[in-house]
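Structure first, commentary second.
Remember, it's a predicted structure, so these values are computed and weren't measured experimentally.
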Amino acid sequence: GWNDIVLPAEKKSQLRRLQAWMLFRRRVHQEWGFGRKLSRGKGFNALFTGPSGTGKTMAAEILAHELSLELFQIDLSSVVSKYIGETEKNLSSIFSEAEQSQAVLFFDEADSLFGKRTEVKDAHDRYANIEVNYLLQRIEQYEGIVILATNLQRNLDDAFLRRMQEVVEFPFPDETFREKIWKAHFPVEAPRADNIDFQFLARQFKLTGGEIKNIVLAAAFLAAQRPESPSIEMSDLIMGTAAELRKQGKLCTKSDFGTYYKQIQEKQAQS
């Protein structure tokens with residue numbers, strides 16, 4: 001639900017406009033007659049842009065859930081084919097199936113499929129441009145919601161950007177929002193110790209919501225292994241944070257972890 005995602009109020013308002021479009025489109029297009037003015041473009045197209053882990057996929061999931069619709073998250077690796085015409089055939093199947101159920105279509109990492117058309121220098125360029133042209137046509141024909149998500153908006157073809165009714169930029173969370181995200185990732189049922197310092201975690205570590213989710217989940221599994229009265233403690237979150245930073249190739253420094261740095265050293269010594 002909308003309460004599960006931590007975003008600035010302006011961004012949530014943009015997302016709710018997508019929901020309102022789907023809820024009231026029958027009134028606008030049929031009862032008020034706007035549908036007769038539109039030969040195509042009756043659908044709603046939105047672009048979600050921003051760094052990885054800032055909530056683009058989660059927002060698409062919430063939108064579909066709130067509308068009681070299926071979310072078709074397109075796996076581009078199974079769509080794009082090196083054989084001429086196969087990509088278009090795969091896309092046609094996706095749109096046809098989505099039209100039957102009025103599903104929300106979600107293209108993640110859209111820049112890899114919706115990239116800018118190039119000057120035609122060989123057959124490969126020509127067929128790549130045909131794919132983009134075909135997508136433009138199918139998106140205009142689709143009467144449901146199409147969401148494109150990308151980390152690199154500048155790589156999208158300008159023709160797609162012109163067809164977006166809403167562009168929602170998902171910002172990297174600041175300290176205030178990071179603290180809210182840390183807290184939001186704990187379910188009500190999860191046993192939580194009193195020694196968790198959310199302000200410290202939010203202040204010291206500049207992480208996205210996706211990275212925080214990984215840390216909280218890792219901490220939960222560390223706590224679950226303790227046989228007697230398991231509860232998630234600050235030490236579990238510290239170890240989870242250290243593991244997430246190492247995964248990204250970053251160093252765990254004393255300046256970041258402060259008084260908790262000793263726990264990391266002790267754990268490394270034990271291993």
Side-chain angles (χ1 to χ4, degrees), residues 1-9 11-12 15-16 19 48 50-68 71 73 106 108 170-271:
W2 295 117
N3 292 331
D4 295 314
I5 192 167
V6 179
L7 285 172
K11 307 302 178 184
K12 278 195 176 182
L15 294 173
R16 287 186 182 276
Q19 181 182 359
F48 291 176
S52 179
T54 50
K56 299 186 294 295
T57 301
M58 186 179 185
E61 291 171 346
I62 291 171
L63 186 64
H65 175 75
E66 291 291 319
L67 292 167
S68 299
L71 178 72
Q73 183 168 355
F106 180 59
D108 200 4
F170 288 72
F172 193 96
D174 61 18
E175 182 179 330
T176 301
F177 280 98
R178 287 198 296 271
E179 184 175 349
K180 292 179 180 179
I181 292 170
W182 278 103
K183 293 176 179 177
H185 278 302
F186 280 85
V188 176
E189 306 88 342
R192 197 172 79 187
D194 296 330
N195 65 352
I196 297 178
D197 189 345
F198 288 110
Q199 288 185 340
F200 174 86
L201 293 167
R203 181 178 65 252
Q204 293 297 111
F205 304 106
K206 295 180 180 180
L207 301 166
T208 65
E211 292 163 343
I212 292 171
K213 178 194 69 176
N214 292 341
I215 293 168
V216 172
L217 196 59
F221 277 99
L222 285 173
Q225 297 173 40
R226 289 193 288 272
E228 297 179 3
S229 302
S231 64
I232 303 170
E233 299 181 359
M234 183 65 175
S235 59
D236 299 318
L237 292 169
I238 289 297
M239 299 313 302
T241 302
E244 184 69 19
L245 292 178
R246 291 195 197 98
K247 186 176 73 176
Q248 299 172 17
K250 297 177 182 177
L251 296 174
C252 300
T253 63
K254 189 174 182 179
S255 60
D256 287 333
F257 286 88
T259 57
Y260 300 102
Y261 184 68
K262 188 177 179 181
Q263 295 179 10
I264 298 173
Q265 288 181 311
E266 290 173 353
K267 189 68 176 179
Q268 288 176 334
Q270 292 173 6
S271 58

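By the salt bridge (Lys or Arg N to Asp or Glu O under 4.0 Å) test, Glu61 is found to be paired with no residue, residues two or more places apart in sequence or in another chain being considered. Remark: Phe106 pairs with no residue by the ring-ring contact (aromatic ring centres under 6.0 Å, His included) rule, at least two apart or across chains. Scanning for side chain to side chain contact (heavy atoms under 4.5 Å, CB included) contacts around Pro187 gives Glu189, Ala190, with sequence neighbours left out. For Thr253, the side-chain hydrogen bond (donor to acceptor under 3.5 Å, both in side chains) partners are Ser255, Asp256, not counting sequence neighbours. Every side chain to side chain contact (heavy atoms under 4.5 Å, CB included) that Pro8 has, sequence neighbours left out, goes to Lys11, Pro171, Phe177. In this structure Asn195 satisfies the side chain to side chain contact (heavy atoms under 4.5 Å, CB included) test together with Ala193, Glu233, Met234, sequence neighbours excluded. Listed by chain and number, the residues in a side chain to side chain contact (heavy atoms under 4.5 Å, CB included) with Ala223 are Arg226, Ile232, Asp236 (sequence neighbours excluded).
Atom CG of residue Asp4 and atom CD1 of residue Ile62 lie 6.0 Å apart, to the nearest 0.5 angstrom. To the nearest 0.5 Å, atoms CD1 (Ile215) and CG (Leu217) are separated by 11.0 Å. Interatomic distance, CG of Asn214 versus CD of Glu244, reported as 4.5 Å (0.5 Å rounding).
Leu237 places a side-chain heavy atom less than 4.5 Å from the side chain of Val216. You'll find the side chain of Thr241 stays beyond 4.5 Å of the side chain of Gln204, heavy atoms only. Side-chain contact between Leu15 and Phe48: present, with at least one pair of heavy atoms (C-beta onward) separated by less than 4.5 Å. Counting only heavy atoms from C-beta outward, the side chains of Ile181 and Pro173 approach each other to under 4.5 Å. By the 4.5 Å heavy-atom criterion applied to side chains, Trp2 and Leu63 are counted as neighbours.
For residues 217-248, no pair satisfies ring-ring contact (aromatic ring centres under 6.0 Å, His included), with sequence neighbours left out. Under the salt bridge (charged side-chain N to carboxylate O under 4.0 Å, His left out) criterion, no residue pair touches residues 199-213, with sequence neighbours excluded. Among residue pairs with one or both ends in residues 189-218, those qualifying as ring-ring contact (aromatic ring centres under 6.0 Å, His included) are Phe186-Phe198, Phe200-Tyr260, Phe205-Phe257; sequence neighbours excluded. Sorted by first and then second residue, the ring-ring contact (aromatic ring centres under 6.0 Å, His included) pairs involving residues 225-253 (not counting sequence neighbours) form an empty list. Annotation: side chain to side chain donor-acceptor pair (under 3.5 Å) contacts involving residues 175-188, sequence neighbours excluded, comprise Glu179-Lys183.
The two residues Glu66 and Gly1 make their nearest non-hydrogen contact at OE2-CA, 3.4 Å. The shortest non-hydrogen separation linking Phe170 to Gly55 is CE2-O, 3.5 Å. Across Val6 and Ala184, no two heavy atoms sit closer than the pair CG2-CB, 4.1 Å.
Side-chain atoms of Lys56 come within 3.5 Å of backbone N or O of Gly50 as a donor-acceptor pair. Using a distance-only test at 3.5 Å, with no hydrogens or angles considered, no donor-acceptor pair links the side chain of Lys254 to the main chain of Lys262.
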